[in-house]
Amino acid sequence: VQLVESGGGSVQPGGSLRLSCAASGLSLKDYKITWFRQAPGKERQGVSCLSTTDGSSYTANSVKGRFFMSGDNDKNTVWLQMNDLKPEDTGLYYCAAMVSSCVIVPVEGARAMDYWGKGTAVSVST
């Protein structure tokens with residue numbers, strides 16, 4: 001199983017980035033993908049989760065209205081569109097796959113994940 005993130009970079013506050021997570025060795029029809037981020041010195045935080053089959057999802061309050069997930073089962077890829085970026089959005093962004101429902105992300109967080117990517121860095125600063 002491989003999860004490969006891409007699309008990170010450096011932007012100014014108010015800017016946008018679109019992260020991609022390409023999965024191989026598993027099907028998005030069987031797994032839900034969650035985006036996590038980890039700022040320096042902080043714990044990994046679940047940001048957004050999406051099931052491409054039943055439409056269930058989770059979005060952290062800190063990014064609601066700014067971050068949006070989408071996915072394509074045929075491409076086995078999910079995306080995280082990040083708008084109106086703020087300095088506090090800076091960190092390493094990881095995608096992770098799990099069989100459980102997105103509803104457990106705010107409760108179990110990283111413990112619920114079965115597979116992880118290596119991350120892509122996002123930096124928001126003036």
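Atom set for the values below is all heavy atoms of this structure, side chains included, hydrogens, waters and symmetry mates excluded.
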Check [X] against [Y] and note the closest heavy-atom contact, atom names and distance.
X     : Y     : answer
Val1  : Gly25 : CG2-O, 3.6 Å
Asp72 : Asp74 : OD1-N, 2.8 Å
Ala60 : Gln45 : CB-NE2, 4.2 Å
Asp84 : Ser16 : N-OG, 4.2 Å
Asn76 : Leu28 : OD1-N, 3.0 Å
Ala23 : Leu3  : CB-CD2, 3.6 Å

Can you tell me which residue pairs pass the disulfide (SG to SG under 2.5 Å) test with a partner in residues 70-108, sequence neighbours excluded?
Cys21-Cys95, Cys49-Cys102

Output the distance between atom [atom1] ([X]) and atom [atom2] ([Y]), rounded to the nearest 0.5 Å.
X     : Y      : atom1 : atom2 : answer
Lys42 : Thr90  : NZ    : OG1   : 10.5 Å
Lys32 : Ser101 : NZ    : OG    : 6.5 Å
Met82 : Arg18  : CE    : CZ    : 11.5 Å

Is there a side-chain contact between [X] and [Y] (heavy atoms, below 4.5 Å)?
X     : Y      : result
Phe67 : Leu80  : yes
Tyr58 : Val103 : no
Ser57 : Ser48  : no
Met69 : Trp35  : yes
Lys86 : Arg66  : yes

Under 4.5 Å between side-chain heavy atoms, hopping through other hydrophobics if needed: is there a path connecting Tyr94 to Val105?
yes

Do you reckon Ile33 sits in the same ILVMFWY cluster as Val47, going by side-chain contacts under 4.5 Å, direct or chained?
yes

Between the main-chain N or O of Ser51 and the side-chain N or O of Thr53, is there a donor-acceptor pair closer than 3.5 Å?
no

Kindly say whether Arg37 contributes a backbone atom to a donor-acceptor pair with the side chain of Arg44 at under 3.5 angstrom?
no

Checking Trp79 now: which residues fulfil ring pair (Phe, Tyr, Trp, His ring centres under 6.0 Å) with it, not counting sequence neighbours?
none

Sequence neighbours excluded, the answer for ring pair (Phe, Tyr, Trp, His ring centres under 6.0 Å) partners of Tyr93 is none

Distance-only criterion, 3.5 Å: show the donor-acceptor pairs between side-chain atoms of residues 106-114 and protein atoms not counting sequence neighbours.
residue: Glu108; atom: OE1; partner: Arg111; partner atom: NE; Å: 3.2
residue: Glu108; atom: OE1; partner: Arg111; partner atom: NH2; Å: 3.4
residue: Arg111; atom: NH2; partner: Val107; partner atom: O; Å: 3.4
residue: Asp114; atom: OD2; partner: Val99; partner atom: N; Å: 3.2

With sequence neighbours left out, the residues meeting side chain to side chain donor-acceptor pair (under 3.5 Å) with Ser10 are none

Might you work through the side-chain contact (heavy atoms from CB on, under 4.5 Å) test for Leu85 and Gln12, ending with a clear yes or no?
CA-CA 8 Å; Leu85 283 161; Gln12 293 186 340; over 6 Å; no

List the atom pairs, with distances to 0.1 Å, where a side-chain N or O of residues 116-126 and a protein N or O form a donor-acceptor pair under 3.5 Å, not counting sequence neighbours.
residue: Thr120; atom: OG1; partner: Gly8; partner atom: N; Å: 3.1

Using side-chain contact (heavy atoms from CB on, under 4.5 Å), reason through Phe68 and Asn83 one step at a time and then give a plain yes or no.
CA-CA 8 Å; Phe68 304 93; Asn83 301 323; 3.9 Å; yes

Might you work through the side-chain contact (heavy atoms from CB on, under 4.5 Å) test for Leu19 and Gln81, ending with a clear yes or no?
CA-CA 6 Å; Leu19 306 184; Gln81 177 67 43; over 6 Å; no

